[in-house]
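First the structure, in the form of structure tokens, and then the observations on it.
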Amino acid sequence: MSSSKPSQGSKRAGYVLHVLTASGAAAGLVALQAVFNGEWRQALLWLIVCQVLDGLDGPIARKIDVTIHAPRIDGHILDLVVDYLTCVVVPVVLLASLELLPLRFEVWVAGAIFITSALWFARIDQETDDHWFNGFPAAWNLVVPTFLIMGSTRIEVLIVTIALCISQLTNLKFPHIVKVEPMRWVTLPFAVLYLGNLAWLSWDYTPTEQSHANLFQAIVLIGFPLYIMLISIWRTWFAHTHIPLLGWIQYD
């Protein structure tokens with residue numbers, strides 16, 4: 001490893017990246033204001049912006065080695081702070097504002113999301129050495145918009161939400177979309193298709209109780225989470241057996 005000090009350009013690039021990460025909090029604030037104003041489409045679109053910012057900063061940080069070039073700021077902690085706002089707080093406020101949960105359970109379930117998500121963000125075993133998350137990684141910014149766009153019933157929302165809250169406290173393995181190598185040739189393109197589909201449907205959203213997705217869009221919106229659940233179950237319980245999954249590499 002070189003002992004030379006980082007150049008001024010490298011330092012500036014590192015801190016600019018930290019500002020990019022932190023800007024996700026500002027985007028989250030705009031999304032939150034849109035929720036308060038009842039501007040549901042704007043709220044959905046700003047949540048997509050938050051997701052894009054979150055997806056960009058990690059690969060760039062690894063590319064420029066930000067821990068060396070901008071060491072005064074802990075990028076991991078910064079990312080967690082921003083993610084709790086954009087992936088938990090804003091979506092849950094949206095969930096409550098649209099009354100997507102049974103009214104008598106609304107406050108309790110919203111509180112459960114906040115508590116289990118806070119505990120998940122504080123886990124010291126949050127990610128395995130091979131880049132799988134232990135427990136559902138609090139991606140409520142994707143879950144709640146899917147509920148809304150698909151026109152899910154309150155009971156459906158309640159059941160799925162409780163299941164995901166519980167899963168945040170388990171060791172069920174969820175893949176890091178970019179880092180996990182096995183099946184990445186399927187996972188990453190499927191994730192891009194899912195996010196693009198969600199962005200389009202968010203742009204086209206109008207407040208009704210019916211699904212806004214055609215058959216193909218609905219298949220993508222439901223199919224990607226089901227695919228993630230399938231490979232998560234396989235990685236958790238069957239990866240060390242001789243049961244292959246679509247040619248997945250075997251774990252020793």
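What you see is a predicted model, and the numbers here were worked out from it, not measured in a lab. Side chains included, hydrogens not; waters and symmetry mates left out as well; all remaining heavy atoms used.
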Derivation of the salt bridge (charged side-chain N to carboxylate O under 4.0 Å, His left out) call for Asp130 and Arg235: CA-CA 11 Å; Asp130 55 348; Arg235 173 64 179 85; 2.8 Å; yes
Side-chain heavy atoms of Leu44 within contact of Leu198, under 4.5 Å: no
Any donor-acceptor pair under 3.5 Å from Arg123 side chain to Asn134 backbone: yes
Distance flag, aromatic centroids of Phe133 and Phe174, threshold under 6.0 Å: no
ring-ring contact (aromatic ring centres under 6.0 Å, His included) contacts touching residues 72-116 (sequence neighbours left out): Tyr84-Phe121
Within one Ile-Leu-Val-Met-Phe-Trp-Tyr cluster: Val160 and Ile233, side-chain cutoff 4.5 Å: yes
Same apolar cluster (I L V M F W Y, side chains within < 4.5 Å links), Phe224/Trp185: yes
Sub-4.5 Å side-chain heavy-atom contact between Trp40 and Thr206: no
Approximate separation, where rounding is to 0.5 Å, of Thr21 OG1 and Leu78 CG: 5.5 Å
Salt bridge (charged side-chain N to carboxylate O under 4.0 Å, His left out) against Asp129, all qualifying residues, sequence neighbours excluded: none
Backbone of Glu39 reached by a side-chain donor or acceptor of Asn37 within 3.5 Å: no
Shared hydrophobic cluster for Ile222 and Ile155 (ILVMFWY, side-chain gaps under 4.5 Å): no
Leu45 reachable from Leu32 in the ILVMFWY side-chain graph, under 4.5 Å edges: no
Closest heavy-atom pair and its distance - Ala27, Val49: CB-CG1, 4.3 Å
Joint hydrophobic cluster, Val35 plus Leu29, side-chain heavy atoms closer than 4.5 Å: no
Heavy-atom closest pair, residues Ile149 and Ser202: CD1-OG, 3.9 Å
Residue of the set Ile159, Thr153, Leu158 for which side chain to side chain contact (heavy atoms under 4.5 Å, CB included) holds with Glu156: Thr153
Any donor-acceptor pair under 3.5 Å from Ser167 side chain to Gly135 backbone: no
Trp132 backbone acceptor or donor facing Thr128 side chain under 3.5 Å: yes
CE on Met183 to OH on Tyr227, rounded to 0.5 Å: 4.0 Å
Arg154 side chain near Leu103 side chain, heavy-atom distance below 4.5 Å: yes
Thr116 side chain near Leu164 side chain, heavy-atom distance below 4.5 Å: no
Shortest non-hydrogen contact from Ala213 toward Met150: CB-SD, 4.2 Å
Heavy-atom side-chain contact between Leu221 and Leu201 under 4.5 Å: yes
Which atom of Pro91 lies closest to which atom of Leu85, heavy atoms considered: CD-O, 4.3 Å
Donor-acceptor contact below 3.5 Å, side chain Ser97 vs main chain Leu94: no
Residue pair Thr146 / Tyr194, side-chain donor-acceptor N/O under 3.5 Å: yes
Lys179 side chain to Ile177 backbone, donor-acceptor under 3.5 Å: no
Any side-chain heavy-atom pair of Asn141 and Val88 under 4.5 Å: no
